[in-house]
Chemist: 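The structure follows.
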Amino acid sequence: MVGLVGPNGSGKSSLLRALYRSMKPRSGIVKVDEVNVWDDLSPRSAARIIGVVGQEHSSDFSFSVREVVATGRTPHHSAFSRLGEIDRDIVSAALARTGMRGFESRLFAELSGGEKQRVMLARAIAQQPSVLVLDEPTNHLDIRAQLELMELVIELGTTTVVAIHELALAAAYCDYVCLLSEGAVVSSGPTAEVLTEDLLSEVFGVQVHLGTHPLTGRPLLSFAPPLLPTKEAVS
């Protein structure tokens with residue numbers, strides 16, 4: 001799991017859009033498994049290898065949960081072909097993998113935020129991609145739903161690129177991190193080498209403490225407002 005972290009407006013979502021063919025970069029090359037995503041793949045071909053879970057999901061879907069997840073099979077078929085038995089089995093497996101079995105007939109619009117995220121993740125899994133792209137997947141989720149989603153993604157074992165707002169989750173779950181600021185890469189590499197107190201303090205302008213979670217043993221980040229200059233320093 002590769003995490004993209006940085007302040008709002010640093011370029012996380014833009015970088016992801018370049019990866020999944022939503023916004024063509026003016027320069028540079030985007031490759032997945034040494035294949036040029038923009039020059040060598042059609043949108044349909046790219047959708048077969050890159051599964052995407054975006055930030056926002058329309059609440060106007062008049063589709064059932066199963067119908068939404070089934071759209072993940074679209075890149076594997078022509079425009080007017082119907083899903084076969086193999087596709088239906090793949091959809092069922094994706095629903096089971098995300099804990100959404102039993103919700104198949106529910107309307108997507110009626111689900112909670114956490115349930116909607118699981119459905120969209122199931123849709124991406126149904127694509128059978130080699131890479132998952134997640135844009136702020138834990139936004140608007142409560143703490144339990146955030147942790148459950150991250151654990152689920154880890155268990156999938158699929159290469160994942162995730163733009164994530166919660167630095168504590170990035171520290172706990174990401175193998176590698178790319179730290180962005182004002183559209184540029186500040187640092188990129190193994191999580192422990194990038195999410196340091198000094199770097200994060202510099203980029204985010206806050207006090208940072210890096211410790212170890214007493215329950216999980218994973219890295220634990222905590223934050224405090226920036227130190228204000230004392231009266232003596234001002235004078």
Side-chain angles (χ1 to χ4, degrees), residues 1-58 68 71-76 79 94 116-117 119-141 146 149-150 152-154 156-167 169-171 173-191 193-195 199-200 202-204:
M1 183 180 289
V2 180
L4 306 181
V5 302
N8 291 339
S10 60
K12 300 186 295 295
S13 293
S14 296
L15 180 54
L16 290 187
R17 292 187 187 110
L19 175 59
Y20 62 80
R21 285 185 58 95
S22 175
M23 185 172 69
K24 189 170 185 178
R26 288 191 290 267
S27 62
I29 298 173
V30 181
K31 287 186 176 182
V32 176
D33 290 335
E34 298 304 316
V35 177
N36 190 311
V37 170
W38 284 95
D39 292 346
D40 299 334
L41 296 177
S42 66
R44 182 180 291 273
S45 297
R48 293 190 191 115
I49 64 173
I50 304 172
V52 181
V53 178
Q55 285 192 43
E56 302 295 337
H57 316 304
S58 172
V68 172
T71 62
R73 300 302 300 158
T74 300
H76 299 274
K116 286 180 179 178
Q117 274 303 62
V119 171
M120 301 312 289
L121 182 57
R123 182 177 73 167
I125 293 171
Q127 290 177 234
Q128 296 185 312
S130 56
V131 176
L132 276 175
V133 174
L134 311 179
D135 194 358
E136 302 285 3
T138 56
N139 267 9
H140 314 303
L141 301 184
Q146 289 180 5
L149 184 71
M150 296 300 290
L152 175 57
V153 172
I154 288 291
L156 293 174
T158 303
T159 297
T160 302
V161 183
V162 53
I164 189 163
H165 190 71
E166 294 82 2
L167 293 176
L169 290 179
Y173 288 99
C174 292
D175 303 296
Y176 300 91
V177 167
C178 181
L179 177 61
L180 303 173
S181 181
E182 298 181 349
V185 176
V186 176
S187 181
S188 181
T191 301
E193 296 178 11
V194 176
L195 297 187
L199 267 179
L200 293 177
E202 175 186 342
V203 170
F204 288 92

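Because the structure is predicted, anything quoted here is derived from the model rather than measured. Along the sequence shown, the residues carry numbers beginning at 1. The basis for the numbers below is simple: all heavy atoms, side chains too, and nothing from hydrogens, waters or symmetry mates.
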Chemist: Give a yes or no on whether the backbone of P75 and the side-chain of Q127 come within a donor-acceptor separation of less than 3.5 Å.
Modeler: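 The answer is no, because no donor-acceptor pair under 3.5 Å joins these two groups.
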
Chemist: State, to 0.1 Å, how close R73 and A126 come at their nearest heavy-atom pair, and which atoms those are.
Modeler: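 Answer, listing the atom of R73 first, then A126: NH1-O, 2.7 Å.
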
Chemist: If every non-hydrogen atom of P129 is compared with every non-hydrogen atom of G51, which pair is closest and at what distance?
Modeler: CB-N, 3.3 Å

Chemist: Are the side chains of R123 and V53 in touch, meaning some heavy atoms are under 4.5 Å apart?
Modeler: no

Chemist: Would you check if L121 and L156 make a side-chain contact, meaning some heavy-atom pair closer than 4.5 Å?
Modeler: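 Yes; the side chains approach each other to less than 4.5 Å.
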
Chemist: If every non-hydrogen atom of W38 is compared with every non-hydrogen atom of A18, which pair is closest and at what distance?
Modeler: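 The pair with the smallest heavy-atom distance is NE1-O, 2.8 Å.
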
Chemist: Kindly compute the distance separating CG (L179) from CD (E193), expressed to the nearest 0.5 Å.
Modeler: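 Rounded to the nearest 0.5 Å, the CG-CD separation comes to 13.5 Å.
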
Chemist: So how far is it from R44 CZ to R21 CZ, rounded to the nearest 0.5 Å?
Modeler: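 Spacing of CZ (R44) from CZ (R21) equals 12.5 Å.
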
Chemist: Let me know which of V133, V162, V161 forms a side-chain contact (heavy atoms from CB on, under 4.5 Å) with L4.
Modeler: V161

Chemist: Rounded to the nearest 0.5 Å, what separation is found between the CG atom of D39 and the NZ atom of K31?
Modeler: 10.0 Å

Chemist: Rounded to the nearest 0.5 Å, how far does CG of L134 lie from CE of M120?
Modeler: 11.5 Å

Chemist: Has the side chain of T138 got a donor or acceptor atom that lies under 3.5 Å from a matching backbone atom of Q146?
Modeler: no

Chemist: Below 4.5 Å, heavy atoms only, C-beta onward: do V177 and V2 meet side chain to side chain?
Modeler: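 The answer is no, as the side chains (C-beta and beyond) never meet within the 4.5 Å cut-off.
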
Chemist: Could you tell me whether the side chain of V5 reaches within less than 4.5 Å of the side chain of V194, counting heavy atoms only?
Modeler: no

Chemist: Any idea which heavy atoms bring M1 and V153 closest together, and the distance?
Modeler: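 M1 and V153 have their closest heavy atoms at CE-CG1, 3.3 Å.
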
Chemist: Does either side chain, that of S45 or that of S42, offer a donor lying less than 3.5 Å from an acceptor on the other one?
Modeler: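 Note: S45 and S42 side chains meet the donor-acceptor criterion.
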
Chemist: Would a distance-only check, ignoring hydrogens and angles, find a side-chain to backbone donor-acceptor pair under 3.5 Å from T158 to V131?
Modeler: no

Chemist: Quick one: do V185 and L180 satisfy side-chain contact (heavy atoms from CB on, under 4.5 Å)? Show the steps, please.
Modeler: CA-CA 5 Å; V185 176; L180 303 173; 3.6 Å; yes

Chemist: Does I49 form a side-chain contact (heavy atoms from CB on, under 4.5 Å) with D33? I'd like the steps, not just the answer.
Modeler: CA-CA 10 Å; I49 64 173; D33 290 335; over 6 Å; no

Chemist: Between R48 and S130, is there a donor-acceptor pair closer than 3.5 Å when you use the side chain of the first and the backbone of the second?
Modeler: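 No, because the side chain of R48 does not come within donor-acceptor range (under 3.5 Å) of the backbone of S130.
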
Chemist: Check whether any side-chain N or O of K12 sits under 3.5 Å from a backbone N or O of G6 as a donor-acceptor pair, and report yes or no.
Modeler: yes

Chemist: Around atom NE2 of H76, are there more than 12 heavy atoms of other residues, nucleotides or ligands at under 6.0 Å?
Modeler: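 Count over threshold, so yes.
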
Chemist: Looking at every non-hydrogen atom in both residues, tell me the closest pair between Y176 and T191 and how far apart they are.
Modeler: N-OG1, 3.5 Å

Chemist: Nearest 0.5 angstrom please: E166 CD to Y173 OH, how far?
Modeler: 11.5 Å

Chemist: Could you give the distance from CG (D135) to CD1 (I164), rounded to the nearest 0.5 Å?
Modeler: 11.0 Å

